[in-house]
Visitor: 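Dropping a structure here in structure tokens format, bear with me for questions.
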Amino acid sequence: MHVITDNLSLYRDGLVTTLRICLYSGLLALLLGTIMAACRVSPLTPLRAVGTSWVTVFRNSPLLVVLFFMAFGLPELGINGTYFVFGTIGLALYTSAFVCEAIRSGINAVPPGQAEAARSVGLGFGQTLSLIVLPQAVRSVIPPLGSVMIAMIKNSAIVGAFGVGGDLFSVGENLTSAQGEAALPVLIGVMLGYLIITIPAGLLLGIVERKVAIAR
Amino acid sequence: MTEVSTDTPMIRLSAVDKYFGALHVLRDIDLEVPRGQVVVVLGPSGSGKSTLCRVINRLEPVDSGSIALDGVPLPAEGRALAELRADVGMVFQQFNLFAHKSILDNVTLGPIKVRKSGKAAARDEAMQLLERVGIADQADKYPAQLSGGQQQRAAIARALAMRPKVMLFDEPTSALDPEMVNEVLDVMTGLAADGMTMLVVSHEMGFARRAAHRVLFMADGEVAEDSVPEDFFQAPATDRAKDFLGKILTH
Ligand SMILES: Nc1ncnc2c1ncn2[C@@H]1O[C@H](COP(=O)(O)OP(=O)(O)O)[C@@H](O)[C@H]1O
Ligand SMILES: [Mg+2]
């Protein structure tokens, strides 16, 4: 196991890179997913079509294919960037489809009378959604959204392996193939790294869940 | 060519048809409700009473015909529709209070977000309304902490806070335990006495006799009878109404 202690700073840097990928992708995915969920429940047909297409494309494509599109498709359109930027955006796009569906199912769990009462009072679509429906949807959205986020953290390994490099997963790969370390202890270190992120994330989720449950 | 404004009916439906798929729910409805009139709508379940209420503030769009409120045709969507809905108070069978907001916030939300009233002014007015419906002491509680009768009175206060021109009630007492029915009907009777234009779907005959100027009996999506309460309850003109009254009078 000394391979872990010997390379602690490598592991640490990997952890930080993975966290950065997850933080940016997660925030972007939440933003895009919420917008798309709003589109999907909008009264306007074109917006609903946008939301539905978005989910259909990104939920049904393998992440790797989305990443290939980002890294090789975008430069052909004249959009350039680093692998980090492309990988992070690709992961965000992919994850946003799942975020959208989690939020939409939460919206559907709010009794329709709530939105009807809001509309009767004279609130517009955006106000009804943001003031009445979403705050009540949050409660049922947190658990599925948590699963989506934990899946995203694990998917960040694909982003790392795809070419970003320097993340937890790549550290492991580097140690085994380039430096010839035994695979098993290296991988145990990698797995510990992911658990350091995902287990607290899960705990945090439980706390948030209890918070929103109290705030009716 | 323009009518004198006091003659403009508060609610006017002309040749309104509404379908749910193949089901013809409102059949060629013509209805005028003058300002200040209290109309009680009754009829068997499924006859289209709720739908009639819901098309008036366009919670349901109609398939043909036109609806005007205070002389203004209902806008199709968007901001204009939202503005018009603000002038129509709606009270639901299931109250539909905003579950995540206190009673006070339920009442002030519309005035603040739609009418752009100041917070303090909205709060003062809300407290007066809650006083009027007898639940000022419940202002800081959440809907789930109130009894059904209290919730429905809060819902009425929420609608009144918008200073509506018309109030629509869809079976406001049907979900209540019997001992809470009167506290809600008393509030409604008070509103009627104050001259509010009201369309009330309800089978409460006491309320109809006491407060209504007019009774509509609906059957199969049509207004089968349109008369005054005394006439309707003593001598309904149609067999369907006789049959219906026979059924509700037995319990
Ligand atoms: N959203 C809907 N979709 C399909 N059918 C509906 C819907 N709302 C009401 N209906 C049907 O329309 C008819 C009239 O309903 P409603 O207006 O609620 O009657 P009432 O209030 O008199 O009981 C009923 O047959 C009902 O099943
Ligand atoms: Mg009904």
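This structure is a prediction, so every number in the text was calculated from the model and none was measured.
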Visitor: Quick test of your reading of the model: are B:D194 and B:R132 salt-bridged, counting only N-O distances below 4.0 Å?
Guide: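 Judged by the 4.0 Å cut-off on N to carboxylate O distance, B:D194 and B:R132 do form a salt bridge.
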Visitor: Which bit of A:L44 comes within less than 4.5 Å of chain B, counting heavy atoms only: side chain, backbone, both or neither?
Guide: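 Contact with chain B is absent: no heavy atom of A:L44 under 4.5 Å.
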Visitor: I'd like to know if B:R35 pairs up with B:D70 as an ion pair, taking the criterion as any Lys NZ or Arg NE/NH1/NH2 lying under 4.0 Å from an Asp or Glu carboxylate oxygen.
Guide: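 Salt bridge between B:R35 and B:D70, a charged N being under 4.0 Å from a carboxylate O: yes.
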Visitor: If you check every heavy atom in residues 106-119 of chain B against those of chain A, which residues fall under 4.5 Å?
Guide: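 Interface residues of residues 106-119 of chain B: B:L109, B:G110, B:K113, B:V114, B:K116.
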Visitor: Please check: side-chain N/O of B:H203 versus main-chain N/O of B:G43, any donor-acceptor pairing under 3.5 Å?
Guide: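 A pair under 3.5 Å: yes.
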Visitor: Can you tell which part of B:F98 gets under 4.5 Å to a heavy atom of chain A, answering side chain, backbone, both or neither?
Guide: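 It is both, since atoms from each part get that close.
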Visitor: Can we call the ring centroids of B:F92 and B:F169 under 6.0 Å apart?
Guide: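 No, too far apart.
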Visitor: Of B:R58, B:R54, B:R85, which meets salt bridge (Lys or Arg N to Asp or Glu O under 4.0 Å) against A:E116?
Guide: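 Between A:E116 and the candidates, salt bridge (Lys or Arg N to Asp or Glu O under 4.0 Å) is satisfied uniquely by B:R54.
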Visitor: Using side chain to side chain contact (heavy atoms under 4.5 Å, CB included) as the criterion, point out the one residue from B:V166, B:V41, B:V40 that pairs with B:L199.
Guide: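 One option only clears the test, and that one is B:V41.
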Visitor: For A:R119, check salt bridge (charged side-chain N to carboxylate O under 4.0 Å, His left out) against everything at least two apart and list the hits.
Guide: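 So A:R119 forms no salt bridge (charged side-chain N to carboxylate O under 4.0 Å, His left out) with any residue.
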Visitor: Under 4.5 Å heavy-atom distance to chain B, tell me which part of A:Q127 shows up: side chain, backbone, both or neither.
Guide: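 Side chain only.
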